[in-house]
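The structure appears right after this line, and notes come after that.
Because only heavy atoms are used, hydrogens play no part in the values below, and waters and symmetry mates are left out as well, while side chains stay in. In this chain, residues are counted from 1 in sequence order. Fair warning: this is a prediction, and the values are worked out from it, not measured in the lab.
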Amino acid sequence: MEVYLVGGAVRNKLLNLPVKDRDWVVTGATPEIMLELGYKKVGNSFPVFLHPISHEEYALARIERKIGHGYLGFETCFDSSISLEEDLIRRDLTINAIALDKNGFYIDPCNGIKDINLKLLRHISIAFCDDPSRILRVARLAAYFSHLGFSICHNTMKLMCDIVKNGELIYLSSHMIWRETEKALKTYSPQVFFKVLRECGALSVLFPEINSLFKINNYFYLGKSISLGESILDTLFISTYLTSEVDVRFAVLCNGFGILLNYKNYFFGYNRNYLLYCFIINMCKRLNLPIYIRNLILIANKYCFMINYINYLSSESINKLFDNIDVWRKPYILDKLCLICKLINFSYCGYFANDYPQGDYFKNMFFSLKRNICVKNIIKSCLNSNNIRNKLVSARINFLNNWRKIS
């Protein structure tokens, strides 16, 4: 029985990057032997065990055979006769097919170390096409390693295009799509993830709403004509310098949907806000997005325009805006929304300013209002509960009117 460190831990070690999770491959063992040694079995499809002390994953060396569609359509074979090399060559990319033994020697049957030096993401074999989830994984790794200068091998990109053309992406679950997207959004260069998906044709299948943004011209961006999609991807990259929050980054990416629907004349004869709401809800349901991300996308698409022109709104409209974004219960939404507005200005014109006076004005107004209007005192002063709401709204509007005169 031999144990080897494999996968991302070895790759990151060679790149002098942080190692978060360590995965191990075990050869010359059986499930019975692992259980006798105190390992705990997890999963049903193939034997993966948790170490009794470190709780790291130890998997028996295995090989796979394609028997169906999608990333689950595999038959797995494992026994004590399967070698480490056989296990490694079934993996996706050469840089992920390197092992490290207990003596510190690297086992590299696919020349992954060479590709690390070349800064190249290269598939191992034609079996790469068997698993459509590898498109997402390669796109995510391209984003993760973009700041180091990595690129995707030309032949690997051709295989990714073939996977899309063969219709394999329809077998990906929403859980898989969002899991890889969320990881990509946490990288230094999340825009690369979406650029790679667009290059291989996967963006139109997985994110058709975002893909449609590339069909609209943005004539105001840095004085040149590019698509709205391209300018928003630039904005997504800028956002990485200002926030690490996934919901903000993804909301920035989705903020052109109102323009998209206007462009397609979907609002003719219909309620604009209702159609925009349905458009976003349908996307979020398909991707099974977390509710907090869905809500931020909805709020940003509906109210960013109003915040940009906050000085022109009446105090009544501003107070209603506070109600609509539920800022009384969730004051943290203010910072997120104002940051999105600040970034969206960049996506339209290409000029980024550190200051966003509309956002500062909006936030100062809210916190001044919250400090000076005491809801408890208003409740105590009202004998009739039906008047509480009216009196509270009236007090807030009066305060906003006075505050705006002296600000």
Worksheet item: Ring centroid separation for F194 and F214, is it under 6.0 angstrom?
Response: no
Fill in: Derivation of the ring pair (Phe, Tyr, Trp, His ring centres under 6.0 Å) call for Y361 and W403
CA-CA 11 Å; Y361 183 73; W403 186 89; 5.5 Å; yes
Discussion item. Testing H123, R134, R122 one by one against T156 for a side-chain hydrogen bond (donor to acceptor under 3.5 Å, both in side chains), which residue passes?
Written reply: H123
Fill in: Aromatic plane relationship, Y58 with W24 - under 30° parallel, 30 to 60° tilted, over 60° perpendicular
parallel
Worksheet entry | Exam field: side chain N111 to backbone K114, donor-acceptor pair closer than 3.5 Å | no
Discussion item. Looking at every heavy atom in both R91 and A97, which two are closest together, and how far apart are they?
Written reply: CD-CA, 4.2 Å
Fill in: Side chain proximity check, F322 to L369, heavy atoms < 4.5 angstrom
yes
Practice prompt. May I have the step-by-step check of ring pair (Phe, Tyr, Trp, His ring centres under 6.0 Å) for F257 and F279, ending in yes or no?
Written response: CA-CA 8 Å; F257 292 160; F279 186 83; 5.2 Å; yes
Let me check something: any side-chain donor-acceptor pairs from residues 176-186 under 3.5 Å, sequence neighbours excluded? List them with distances.
unit_1: E180; atom_1: OE1; unit_2: R140; atom_2: NE; d: 2.8
unit_1: E180; atom_1: OE1; unit_2: R140; atom_2: NH2; d: 3.1
unit_1: T181; atom_1: OG1; unit_2: I177; atom_2: O; d: 2.7

Worksheet item: In chain order, what residues pass the side chain to side chain contact (heavy atoms under 4.5 Å, CB included) check against Y309, with sequence neighbours excluded?
Response: F305, Y312
Worksheet entry | Donor-acceptor pair between E209 and S212 side chains, under 3.5 angstrom | no
Worksheet item: Do R294 and M283 come within less than 4.5 Å of each other through their side chains, counting heavy atoms only?
Response: no
Worksheet entry | Side-chain heavy atoms of F49 within contact of L60, under 4.5 Å | yes
Discussion item. Run N402 and N398 through side-chain hydrogen bond (donor to acceptor under 3.5 Å, both in side chains) and show every step you take.
Written reply: CA-CA 6 Å; N402 293 327; N398 288 335; over 6 Å; no
Worksheet item: Between R404 and S315, is a side-chain hydrogen bond (donor to acceptor under 3.5 Å, both in side chains) present by the stated rule, with each step listed?
Response: CA-CA 9 Å; R404 298 175 79 184; S315 296; 3.3 Å; yes
Practice prompt. Verify whether one side chain among Y303 and N308 offers a donor that lies under 3.5 Å from an acceptor in the other.
Written response: no
Item to complete: Please assess C304 against I340 for the test side chain to side chain contact (heavy atoms under 4.5 Å, CB included), listing each intermediate value before the final yes or no.
Response: CA-CA 8 Å; C304 270; I340 293 169; 3.9 Å; yes
